[in-house]
Engineer: 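One structure follows; several queries about it will come next.
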Amino acid sequence: MMPLGAGMAEFHWEESMSVGVSVLDVDHRKLVDILAHLQDSMGEAGNRQVIATTIDTLLDYSIEHFRHEEEAMHRHGYPDVQRHEEEHAALMERLREFKRNADDGHVASVIELMDFLGGYLTNHMLHSDKKLGNFLRMRSVS
């Protein structure tokens, strides 16, 4: 992710984001694509409906992705499953909060959402998910 002004990151897939497990990488690419679409929508005046729909898509796909990760963690006996699931639950609560605010017309909340997700991608995908990917690859999951 490349920095933009005002602390916001430009969302695009970089190979450094790969965790080396194809099903998780496909999900992560899709999430990054959704974020890029949301960011593009923010630049278009009067696009509240597109922003709301994109946030809905982000919520729905996050639920699906977290289900994939959590199933893999349980199936393969990942030792840090509880902490990882707690991170997912906390993110979903924040996403739902941002969604409520965006639905109420708070455009600043969408900018805050993008800043938050930039930090989340750095902290969760590049640390927690990398750790999970390493664990799964040691168990021959690719």
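Nothing here was measured: the structure is a model prediction, and the numbers come from that model.
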Engineer: Distance-only, no hydrogens or angles: does the R137 side chain make a donor-acceptor pair with backbone N or O of V19 under 3.5 Å?
Structural biologist: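 Looks like yes, one N/O pair under 3.5 Å.
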
Engineer: Considering residues at least two apart in sequence or located in another chain, which fulfil the salt bridge (charged side-chain N to carboxylate O under 4.0 Å, His left out) criterion with E86?
Structural biologist: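 Partners of E86 under the salt bridge (charged side-chain N to carboxylate O under 4.0 Å, His left out) test: none.
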
Engineer: Side-chain contact, heavy-atom cut-off 4.5 Å: N101 with E97?
Structural biologist: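 Yes, at least one pair of side-chain atoms sits under 4.5 Å.
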
Engineer: So, do Y78 and E85 sit near enough that their side-chain heavy atoms are less than 4.5 Å apart?
Structural biologist: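 No, their side chains stay 4.5 Å or more apart.
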
Engineer: Taking R67 for its side chain and I63 for its backbone only, find out whether a donor-acceptor pair lies under 3.5 Å.
Structural biologist: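 Not confirmed, R67 side chain does not pair with I63 backbone.
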
Engineer: What pair of heavy atoms forms the shortest contact from F11 to A36, and how long is it?
Structural biologist: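 Residues F11 and A36, closest heavy atoms: O-CB, 3.3 Å.
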
Engineer: Are side-chain heavy atoms of H76 and V141 found at a separation under 4.5 Å?
Structural biologist: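 The answer is yes; the side chains approach within 4.5 Å.
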
Engineer: For the residue pair M92 and L95, establish whether any side-chain heavy-atom pair is separated by less than 4.5 Å.
Structural biologist: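 When only atoms from C-beta onward are counted, L95 and M92 do touch, with a gap below 4.5 Å.
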
Engineer: Decide, yes or no, whether a salt bridge links D104 with R100 under the criterion of side-chain N to carboxylate O below 4.0 Å.
Structural biologist: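 No, D104 and R100 are not salt-bridged.
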
Engineer: Students often mix this up, so state it plainly: with edges at 30° and 60°, are the rings of H88 and F66 parallel, tilted or perpendicular?
Structural biologist: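 The rings of H88 and F66 lie parallel, inter-plane angle below 30°.
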
Engineer: Any chance you could measure H12, atom NE2, to L35, atom CG, to the nearest 0.5 Å?
Structural biologist: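 Interatomic distance, H12 NE2 to L35 CG, rounded to 0.5 Å: 12.5 Å.
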
Engineer: If we count only N and O atoms by modelled type, under 3.5 Å, do the side chains of H65 and E69 hold a donor and an acceptor together?
Structural biologist: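 There is such a pair between these side chains.
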
